Amino acid sequence: KAGVTQTPRYLIKTRGQQVTLSCSPISGHRSVSWYQQTPGQGLQFLFEYFSETQRNKGNFPGRFSGRQFSNSRSEMNVSTLELGDSALYLCASSLGLDTGELFFGEGSRLTVL
Amino acid sequence: TQLLEQSPQFLSIQEGENLTVYCNSSSVFSSLQWYRQEPGEGPVLLVTVVTGGEVKKLKRLTFQFGDARKDSSLHITAAQPGDTGLYLCAPRSGGTSYGKLTFGQGTILTVHP
């Protein structure tokens with residue numbers, strides 16, 4: 001069974017640019033969640049999509065957005081990049097149950113210069 | 001707002017030693033998950049505890065959920081270099097959190113051969 005696939009694995013951008021990250025969940029999983037991981041703030045929840053609808057949202061500015069397609073694949077976008085957006089962005093897929101396991105991808109490492 | 005504390009933040013030990021990691025909160029949880037993240041990887045679920053006072057064993061790892069369901073501990077017996085990683089606790093408060101988890105800051109464990 002293929003795991004969660006995130007692309008690209010690494011990318012470098014400059015301030016003011018925008019970036020789109022992609023996540024392909026495990027087959028059959030309809031929930032995709034996005035997290036930001038930094039040394040200072042740890043692992044923080046961005047948003048969750050279930051059946052193409054945003055179901056939960058974290059405390060991030062509107063520059064962070066996402067969407068989910070009918071095949072459950074998800075993308076997140078960060079516009080007007082700031083230095084502080086440098087982080088590991090992790091995607092997690094699950095069946096969408098309240099006590100369920102999250103299956104994480106290896107992440108997309110974003111560096112903003 | 002739920003306050004979640006993990007301790008210690010860093011732990012560096014020799015192979016064969018025992019250790020305990022703690023996860024404490026001001027709130028009552030409906031369940032709690034422990035994840036381990038190795039360098040370059042996403043977090044992987046180790047266990048979910050649901051019942052107050054519950055103890056679960058996974059080979060050399062013992063997980064305990066506090067009677068009041070506000071705290072949890074992870075004990076590793078005879079640690080091995082393969083146990084090295086970031087240990088994260090993630091409580092659930094029930095309801096509709098689904099793919100939204102609030103993670104502790106984590107404990108970085110290094111086991112030296």
Side-chain angles (χ1 to χ4, degrees), chain A residues 3-6 9-10 21 23-26 29-51 53-60 66 68 72 74 76 87-109, chain B residues 1-10 21 23 25 28-52 54 56 58 63 65 69 72 85-109:
Chain A
V4 178
T5 303
Q6 290 189 245
R9 289 292 313 277
Y10 303 91
L21 309 177
C23 173
S24 293
I26 292 171
H29 285 187
R30 294 162 63 189
S31 168
V32 173
S33 300
W34 288 90
Y35 289 82
Q36 181 196 66
Q37 187 172 33
T38 60
Q41 299 298 317
L43 200 53
Q44 293 188 293
F45 173 78
L46 281 158
F47 30 66
E48 179 200 7
Y49 287 87
F50 183 82
S51 295
T53 300
Q54 188 179 87
R55 184 158 72 170
N56 275 303
K57 189 176 188 305
N59 295 323
F60 279 82
Q68 187 179 34
S72 292
S74 177
M76 68 162 281
L88 180 67
Y89 290 88
L90 290 160
C91 162
S93 82
S94 73
L95 292 171
L97 304 175
D98 193 43
T99 57
E101 175 179 1
L102 298 189
F103 295 83
F104 285 85
E106 293 179 315
S108 293
R109 171 77 61 186
Chain B
T1 303
Q2 172 182 285
L3 295 175
L4 189 62
E5 282 190 20
Q6 270 190 252
S7 61
Q9 202 173 345
F10 302 94
V21 174
C23 177
S25 174
V28 175
F29 314 139
S30 60
S31 64
L32 184 142
Q33 295 179 326
W34 283 94
Y35 287 79
R36 178 171 68 203
Q37 183 177 19
E38 298 182 17
E41 310 270 337
V44 174
L45 180 69
L46 295 173
V47 77
T48 301
V49 286
V50 179
T51 307
E54 181 177 6
K56 279 192 174 179
L58 186 68
F63 303 86
F65 201 15
R69 308 214 311 270
S72 181
L86 173 65
Y87 288 80
L88 296 156
C89 68
R92 287 188 181 272
S93 302
T96 58
S97 56
Y98 302 117
K100 175 183 180 180
L101 290 181
T102 300
F103 286 92
Q105 281 289 90
T107 294
I108 298 174
L109 171 65

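Note that the structure is a prediction, hence the values are computed from the model and not measured. Residue numbers start from 1 in every chain, and the chains themselves are labelled A, B, ... in the order their sequence lines are given, proteins ahead of strands.
For Gln37(A), the side-chain hydrogen bond (donor to acceptor under 3.5 Å, both in side chains) test picks out Gln37(B), with sequence neighbours left out.
Applying the salt bridge (charged side-chain N to carboxylate O under 4.0 Å, His left out) test to pairs two or more places apart or on separate chains, those with a residue in residues 38-50 of chain B are Arg36(B)-Glu38(B).
For a residue to count as touching a neighbouring chain, one of its non-hydrogen atoms must lie under 4.5 Å from one of that chain's; by this rule Leu95(A) does not touch chain B. With a 4.5 Å cut-off on non-hydrogen atoms, Arg9(A) touches chain B through its side chain but not through its backbone. Residue contact with chain B, scored on non-hydrogen atoms closer than 4.5 Å, involves the backbone and the side chain of Leu43(A) alike.
Counting heavy-atom pairs closer than 4.5 Å to chain B, the top residue among Phe50(A), Phe47(A), Tyr49(A), Tyr35(A) is Tyr35(A).
A donor atom on one side chain and an acceptor atom on the other are not found under 3.5 Å apart for Glu101(A) and Thr48(B).
Ring geometry, Phe103(A) versus His29(A): the interplanar angle falls from 30° to 60°, so the pair is classed tilted.
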